[in-house]
Amino acid sequence: MVEGYTYDFYVRAASYIRERIKEVPTVAVVLGTGCAPFADKITDSVTIPYKDIPGFPVPTNADHAGNMVAGYVGGRYIICMNGRCHFYEGYSMEELNIPVHVLHVLGVRTLVLTNASGSCNPDFHTGDAMIIRDHIKLYGGSPMRGPNVSELGPRFFGVSDLYTAELRKIAKVCASRSRMKVHEGVYMFFPGPQFETASEIRAARILGADAVGMSTVTEALTAAHCGMRLLGLALITNMATGMTEEKVDGTEVNENASRVAPQFSSLLEDIVASI
Ligand code: HPA
């Protein structure tokens, strides 16, 4: 919870969204870098800019749209966050709980998180995807630091089944009929905005990470706090620093993400229709 924010704060934001959309969405998808084409697959859609939702954090990245898009995918009414806020933009860990708690109050019970990641597993390649089995976050605090809002979830909560096994199983079936190579592995959070040093990536590998990135974990922890079923999907946009001779830079990450975005969006569409 954010200091001074009460349950009413989250209800206000959720009510604003609910008044503008057709049904209660039980599934939400958060689109990371390069995943935006998925939003075009949503039919009968309503778009709500984050900036209009009371108290909602707004992305400062030019390549993150900052819109809620609600509508149908595979016959199911869903809501999609096209773009997200990150810790490196200046938001606190605590502020980053807002989107997922608002979705929970809206009625969302299953959350699909996507992101762009660098791979520290030598068997993965740029353009592959990874179903997140678990994560490592050694940096900083928690999105649930501060007074607990008991209407949203308990003070102390377990994270042993953070990424729901049943959803990972469904994602693997969808992966087997997709055009992408899809792995399963561990995602490690780094705060950014700098990419990692080669030594940090060596450390990440020793700790058991397969991919690294600057998002997802605050949303995953918030989902655990309010008891949502959770699936995480990482799009491998580059080999992490030191894994190859090539230097990691933001332009390359965005270009690679755009290149595989259509296949990744199709995989996501199949998953959303199947869960
Ligand atoms: N490191 C951190 N975040 C990222 C990377 C990376 O190599 N690629 C895409 N997002």
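Whatever order the structure lists them in is the order used to number ligands and atoms, beginning at 1. The figures that follow rest on heavy atoms only: side chains count, while hydrogens, waters and symmetry mates do not.
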Can a donor-acceptor pair be found between the side chains of Arg202 and Ser199 at a distance below 3.5 Å? yes
Within a distance under 4.0 Å of any heavy atom of Val253, pick out the atoms of ligand 1 and give their elements. 8 (N), 9 (C)
Tell me, please: is Phe190 in heavy-atom contact with ligand 1, that is, under 4.0 Å? no
Numbered atoms of ligand 1 (with element) below 4.0 Å of Thr237, judged on heavy atoms: 8 (N), 9 (C)
Ignoring hydrogens and angles, state whether a donor on the side chain of Thr216 or Asn115 is under 3.5 Å from an acceptor on the partner side chain. yes
Assess the side chains of Asp8 and Thr6: does a donor N or O sit below 3.5 Å from an acceptor N or O? no
Any donor-acceptor N or O pair under 3.5 Å, side chains Tyr163, His135: yes
Mark up the atoms of ligand 1 that fall under 4.0 Å of a heavy atom belonging to Phe195, in ascending order. 1 (N), 2 (C), 4 (C), 5 (C), 6 (C), 7 (O)
Which residue and heavy atom of the protein sit nearest atom 8 (N) of ligand 1, plus the separation: Asn238 OD1, 2.6 Å
Please report which non-hydrogen protein atom sits nearest to atom 3 (N) of ligand 1, along with the residue it belongs to and the distance in Å to one decimal place. Gly213 CA, 3.4 Å
Are there over 12 heavy-atom neighbours, none belonging to Asp161, within less than 6.0 Å of that residue's CG? no
For atom 2 (C) of ligand 1, what's the nearest protein heavy atom and its distance? Glu196 OE2, 3.1 Å
Do the ring centers of Phe56 and Tyr16 come within less than 6.0 Å of each other? no
shortest atom 10 (N) of ligand 1-to-protein heavy-atom contact is with Ala116 O, 3.2 Å
Ser266/Lys41 under side-chain contact (heavy atoms from CB on, under 4.5 Å): CA gap, chis, key distance, verdict: CA-CA 9 Å; Ser266 296; Lys41 296 182 183 290; 3.7 Å; yes
What do we get for Thr33 next to ligand 1 when only non-hydrogen atoms under 4.0 Å count, side chain, backbone, both or neither? neither
Residue and atom name of the nearest protein heavy atom (relative to atom 5 (C) of ligand 1), distance in Å to one decimal: Gly118 N, 3.4 Å
